[in-house]
Amino acid sequence: MTDELVERWLRLAAARVAAERERLTDLDAAIGDGDHGINLDRGFRELLRRLDAGACPVEPPALALDGAGRALIGTVGGASGALYGRGLQRAGAVLAALDGGGQVVPGEPGGARTARPSREERTAAAFAAAVAAITALGRAAPGQKTMLDALVPARDALGAAVAAGAPLAVACASAAAAAEAGALATIPLLATKGRASYLGERSIGHLDPGAASSALLVRALADAAAG
Amino acid sequence: MVALVLVGHSPALLRALREMVGQAAPAVRVATAGGTLVGGLGTSAPGIRDALRAGLAAAGGDGIVVLLDLGSAAMALEIALEELDRAERAFVVVSEGPLVEGAVRAAVEAAGGASREAVRAAADAERTAPKLPPDWLAGGAA
């Protein structure tokens with residue numbers, strides 16, 4: 001999540017959400033209130049409008065993520081807006097902290113600094129912060145048939161790939177594959193969070209719309225990172 | 001006098017609820033945050049934050065009691081509360097009570113001059129207050 005990547009990702013994510021709007025809404029109609037695609041599309045359209053109008057900054061990336069989160073929180077309307085929006089804002093906050101430069105090494109003459117984290121490390125840290133924020137706000141855990149079933153495997157795959165020295169595009173592709181596998185794995189799960197939990201056993205056998213949109217957003221990140 | 005802030009998914013629902021509350025307790029100030037910023041079904045943290053501030057302004061130093069409906073309302077409220085100053089948050093309490101019954105009950109309590117904690121407790125109590133006659137609950141009717 002650096003340089004022009006954030007803007008490229010946000011714009012690509014908006015395009016993918018628009019393209020998948022009906023599918024996400026249909027998934028939600030099966031086990032929720034049938035508005036997930038419509039809601040997300042409304043939020044991402046507003047985000048695009050703000051990016052184009054200069055009302056949401058495109059750089060630095062930390063401010064772009066914060067502005068994007070603000071747009072989603074204000075206009076999506078469902079839990080997904082609060083969750084994704086808060087996630088983006090926390091990712092931005094972590095980037096802002098990292099972009100402040102490495103920490104000053106105590107006692108080092110001339111204020112020498114520790115090495116600035118790599119692009120890959122910063123992306124993994126921002127992603128992990130987003131997932132932590134979503135976990136905290138949603139009071140949810142993997143296995144409950146939510147977006148976390150896609151996001152937690154994606155965070156882990158991204159972290160592992162970065163730790164192993166993979167370049168950003170490869171690491172993000174690994175995260176996207178993990179998110180997609182995690183989303184598919186929600187089909188047999190019993191929903192215990194959100195509107196789908198009202199259905200009890202009837203939620204089994206359906207792909208969770210939040211996990212599906214999460215997989216879509218992580219795939220967009222991978223494609224944006226691939227250039 | 002304690003003011004109420006009603007948070008929900010539907011602007012129409014909240015307009016109607018405000019009317020019901022006004023009938024029960026005309027003197028009580030009520031702020032609402034219903035729907036998204038563009039008027040659709042849903043909740044919006046910025047809209048809730050503005051309603052919280054409007055309620056606080058109307059309540060003077062007595063503070064506000066917030067009631068909410070389902071799902072994302074609690075998450076959006078949480079974000080809105082974080083955007084308030086610490087000094088503002090100290091005058092806000094949130095009720096677990098059901099939106100409709102809780103709001104009417106809270107309004108009557110507030111109109112009687114109760115503190116925000118007492119108003120919240122009254123609204124909370126509506127969670128478990130029976131609304132069906134006892135003989136129905138015994139399994140007889142409907």
Side-chain angles (χ1 to χ4, degrees), chain A residues 25 28 31-47 49-50 55-56 66-67 69-90 93 133-140 146-148 191-199 209-210, chain B residues 5-17 31-55 66-86 88-89 92 94-100 127:
Chain A
T25 294
D28 194 31
I31 58 170
D33 49 3
D35 60 9
H36 189 52
I38 295 167
N39 283 347
L40 273 190
D41 187 41
R42 180 170 58 238
F44 273 96
R45 271 173 205 272
E46 172 63 14
L47 169 57
R49 192 193 66 73
R50 292 185 191 185
C56 174
D66 185 70
R70 197 169 292 277
L72 296 188
I73 286 172
T75 55
V76 168
S80 58
L83 292 164
Y84 285 137
R86 178 43 60 95
L88 291 174
Q89 289 189 308
R90 288 290 154 83
I134 289 169
T135 303
L137 184 60
R139 274 86 172 171
T146 70
M147 48 176 77
L148 288 179
T192 56
K193 278 278 170 186
R195 195 75 64 94
S197 67
Y198 292 4
L199 291 177
Chain B
V5 175
L6 310 179
V7 174
H9 281 61
S10 160
L13 178 69
L14 289 186
R15 273 196 302 276
L17 182 55
T32 61
T36 65
L37 291 183
V38 289
L41 294 180
T43 56
S44 153
I48 296 170
R49 178 201 57 212
D50 293 347
L52 294 173
R53 290 216 161 110
V66 184
L67 286 118
L68 61 160
D69 71 356
L70 67 177
S72 63
M75 283 185 214
L77 173 62
E78 185 171 349
I79 292 175
L81 285 170
E82 286 173 13
E83 292 191 9
L84 294 185
D85 303 329
R86 186 187 299 269
E88 292 174 310
R89 272 203 301 276
V92 182
V94 181
S95 169
E96 266 279 34
L99 181 61
V100 174
R127 282 181 86 187

Is the shortest side-chain heavy-atom distance between M75(B) and R139(A) below 4.5 Å?
no
Point-to-point distance, once rounded to the nearest 0.5 Å, from CD1 of I79(B) to CG of L137(A):
5.0 Å
Student check: side-chain heavy atoms of I73(A) and P46(B) closer than 4.5 Å
yes
Indicate the atoms forming the closest heavy-atom contact of A79(A) with S72(B), along with that distance.
N-CB, 3.2 Å
Counting only heavy atoms closer than 4.5 Å, note whether L41(B) contacts chain A via side chain, backbone, both or neither.
backbone
Within the supplied structure, the quantity of interest is the number of heavy atoms (other residues, nucleotides, ligands) at a distance under 6.0 Å from R50(A) CZ; does it exceed 12?
yes
Could you tell me which of Q89(A), E46(A), R42(A) has the largest number of non-hydrogen atom pairs under 4.5 Å with chain B?
R42(A)
R127(B) atom CZ, over 12 foreign heavy atoms within 6.0 Å:
no
